[in-house]
Structures are given as structure tokens and as C-alpha cells.
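Throughout, protein chains are lettered first and strands after them, A, B, ... in sequence-line order, and every chain is numbered starting at 1.
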Protein chains: 2
Amino acid sequence: MSNSADFNVGARLSAVRKMNHLSQRELAKRAGVTNGTISLIEQNRVSPSVSSLRKVLKGIPISISDFFSLEEAPRQQVFFGANELLEIGDGRISYRQVRRDLIGRTLQILHERYAPGSDTGRAMLRHQSEEGGIVIRGKLEVTIGDQRRVLGPGDAYYFDSRLPHRFRNIGEEECELVSACTPPSF
Amino acid sequence: MSNSADFNVGARLSAVRKMNHLSQRELAKRAGVTNGTISLIEQNRVSPSVSSLRKVLKGIPISISDFFSLEEAPRQQVFFGANELLEIGDGRISYRQVRRDLIGRTLQILHERYAPGSDTGRAMLRHQSEEGGIVIRGKLEVTIGDQRRVLGPGDAYYFDSRLPHRFRNIGEEECELVSACTPPSF
DNA sequence: TATTATTGTTTAATATATTAAACGTATTAA
DNA sequence: TTAATACGTTTAATATATTAAACAATAATA
């Protein structure tokens, strides 16, 4: 039986299967399980083993990671005026985040500005995530793990954010940068 | 038993548990399962049910979706000079992608340029993903679902990319934009 | 109607996961 | 050394998932 009902594996599977126009029997055949299994899973009367769930999802096909990260409903607000972004800055370093809310995203996009001499300090690893960015204007010294480099306009970085990292504006001019991170770091 | 060995649930769990400085017994206690269960799972000698895997992951804690999207190893190249980005453009619209490879990322960051009059046409829904961007320079008409708006410098958008969408530069000036998308759209 | 598919559901038999307790090993303290 | 503690592993008993086959309901066809 299942206490995964709150995650609603059954409803998700049913929805995904129907989106792909498959009957329980068709899916079962492709996946190499019985139709009874599909039925019981969709009713949340059993909690499938990971191995059988993977077999089932291969028959659709959808990755198990996508399966578990499916959103229930699409979003509504899609446009954000320049003055509608969420300002997070502290004076020296400012972050302007696309979308005003702090939850319900899988992707965080920031318009960052670094005053001359500003420094993020050293940040340690967060949850599993990746991030990257492109410098638009000015110069920025970026340290990632044991690597360091000064980036100028058009230069970019991309790394696994489990690595410790640090950003410093060592120039005389303000530095402007657009970055993205998934999942959001705050 | 398990044919999920190829996904290496065991190794992932073991790694995640150790990253959080938990012993099998400590994790078991937090999760409400026995230490034997943790041991068997980590050895890939059983394929846990989704419900018990969720219980275990709650003890860490990590979401099941993050768990399944964990990367195996950190990346190496983290800096990209302006001339090292992957040029994907076709003359009218150019994409400069952070990182030169087309696979092994969870996040796609693009520096986009739209010539006056250029148009992406209508793109239909892809895999589950979200995307957003910020206009740096120029003006861009963005259509998402049944909504349309002209965005200028500092303006932004963010949407569930299952919605059909379209970008057009209707101005006299080149438009410059940084966007991010997860997972990558190409 | 009846017939033939096709759908999702149910049930007893079987396979597998999970438990509870014991085991072996390594480390630390006395 | 001995005792005590903590670690991951193993095994028989138990709980649960999965199968195979029958069941019931709906729709299409003759």
C-alpha cells in the first residue's frame, strides 16, 4: 500500500499516460509490466518500486526526474516591467529578480549590479544546482573552486554551484551582469 | 531485487547521505525506516518503493525530484571568454550560448541578438521547462499564449514554456537580451 | 440485438521489499 | 587488554508489490 498518495504518483501517472494517448494495456506492453500493475498504481493502491516505476515511465517515455517535477498548473503572469522586478540589493550589490515571488519557480534569473569594490564573500555549496551568467558591462573577478579569472563584457561563466564561489568588482566602473540559476539559490 | 542499478539509486543515496554527514542509522531513525533498509538500498540489492524512498529522502532532507536529477560529477571548465561561447545564430537572430556543448547541462543561458524586423515564428511546447529573460538594449515584442507586450531595456518575462511563444524585433534598432531556460530547449 | 474489441478493475498466487535482530568490524576509553 | 560504542552488513520472518487471469463496463460492428 501507499503513503505516497500525498504525492499522487497515481494521478500523475494517469495524467501523463493520457497526455500521450496510451491505454493502460498499451503502456503496460511497452513498459513490460502488466496492465493490472498500471491500474493499481494509478489508483494509489500500491506504491510502485522505483525499478518498476522507471520501467513504466520508459514506456511513455518521460524521465523519472521530469515525472516528479511536473507542475500541477501553468503560471499566469508572464510579463514584468523594469520596475516590477523584485529588488533584493543592499546598496553595493543589487539583484533584480525576474518575478516578485520567492517560491514556485524552478529557475532564477537575476539582473545584477556590482558597485566598484563590492564583494560577495565566499559562498558555500547549496542544494544541487547549476548556475551561469554573462557580463554585460564593466569587469568582474570571479573565483570558482580553485580557479579565478577577470571577466569583461560578453564573457561568461557556468558551474556546478556545489563549488564555493565568489564575485568581486575590482574595477573603477559599475559592473552589470545577467545570471541564471536552477534551482533558485534564494 | 533491482534493475534500477543503472540509475544507481544506491550510490546516489549513499552520496547524498554522506554529504549531509548522516550515518545509515541516523538517517533511518529520522526517516522512520530501519537501518537495514538503508543498507540494502545503498547496495542496490533492493529497489525501494516510492513511498519508502520518499520517507528516506525526507530524513535528509532532499526532494525526490532533486534526488533524481543529481549530476554524477562536477564540471571542469567554468570560464568562457566572449569568443568561446557557442554561436548558434543565423544572421538575423544570433544566440551565443554559455558553454560550447549541447548536452550535460540542466540550464541553458543565451545572449541573444535580434536584428530589426527579425522574428522567431511560433514555437510550440517542448518538454517540461520554464524560461525567462531580461532585455538589455532595444525593443522586443513578446507573445506568450494569448498575451502580448513590447519589452524595453530592463523589462523581463518568465513563463512555463509549454505555452506557445514568439519573439519579434519590431523596432529600428538591434535588440539584445539575456535569457535562461531549464532544461535546455536545444 | 448479439458480437467482438477495448477499456479499467479485481483477486489469488507469487515475487519482492521491509523489518527486527543478530553479526562482524573498527574505534575509543579505561 | 577489555569493555563500550558506533558503523555497515546479513538473514529469517513478515508485509507489500506484481503477476496472471478473470471480471465488468463501454463502444463499435454485423
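Pairs of residues two or more places apart, or lying in two chains, never qualify as salt bridge (charged side-chain N to carboxylate O under 4.0 Å, His left out) while including a residue from residues 31-40 of chain A.
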Polar atoms only, N or O, under 3.5 Å: list the protein pairs with nucleotides 19-21 of chain C and their distances.
unit_1	atom_1	unit_2	atom_2	d
dT19(C)	OP2	T34(B)	N	3.3
dT19(C)	OP2	T34(B)	OG1	3.2
dT19(C)	OP2	T37(B)	OG1	2.2

Check: protein-nucleotides 26-29 of chain C nitrogen or oxygen pairs below 3.5 Å:
none

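Residues passing the side chain to side chain donor-acceptor pair (under 3.5 Å) test with E42(B), sequence neighbours excluded: R17(B), Q24(B). In this view, S179(A) and L110(A), E112(A), Y157(A) satisfy the side-chain contact (heavy atoms from CB on, under 4.5 Å) rule, not counting sequence neighbours. Residues passing the side chain to side chain donor-acceptor pair (under 3.5 Å) test with E141(B), sequence neighbours excluded: R168(B). Judged as a side-chain contact (heavy atoms from CB on, under 4.5 Å), and not counting sequence neighbours, the contacts of R25(B) are S23(B), N35(B). For R30(B), the side-chain contact (heavy atoms from CB on, under 4.5 Å) partners two or more places apart in sequence, or in a different chain, are L22(B), E26(B). When the side-chain contact (heavy atoms from CB on, under 4.5 Å) test is applied to E176(B), the partners found at least two apart in sequence or on another chain are H111(B), R113(B), I136(B), R137(B).
For the pair R54(A) CZ and dT18(D) P, the computed distance is 14 Å after rounding to whole Å. Protein atom CD of Q43(B) is 14 Å distant from nucleotide atom P of dT18(C), rounded to whole Å. The distance from atom CG of L13(A) to atom P of dT9(C) is 12 Å, rounded to the nearest whole Å. One interatomic measurement links the two molecules: CG of N44(A) to P of dT18(D), which rounds to 13 Å at whole-angstrom precision. Distance, I38(A) CD1 to dT6(C) P: 18 Å, rounded to whole Å. With rounding to whole Å, I41(B) atom CD1 is found 12 Å from dT9(D) atom P.
Across every non-hydrogen atom of E173(B) and G138(B), the tightest pair is OE1-CA, 3.7 Å. The two atoms that bring C175(A) and V135(A) nearest to each other are SG-CG1, 4.2 Å, heavy atoms only.
In the set dT9(C), dT10(C), dG8(D), the nucleotide with an atom closest to the side chain of R45(A) is dT10(C).
A close approach under 4.0 Å does occur between a side-chain nitrogen or oxygen of S23(A) and OP1 or OP2 of dT7(C). OP1 or OP2 of dT7(C) has not a single side-chain nitrogen or oxygen of Q24(A) nearer than 4.0 Å. Listed pair S39(A) / dT9(C) meets the phosphate criterion, a side-chain N or O lying under 4.0 Å from OP1 or OP2.
Residue S49(B) is the one, among R25(B) and S49(B), whose nearest nucleotide of DNA chain C lies closer to the 5' end (criterion: closest heavy atom).
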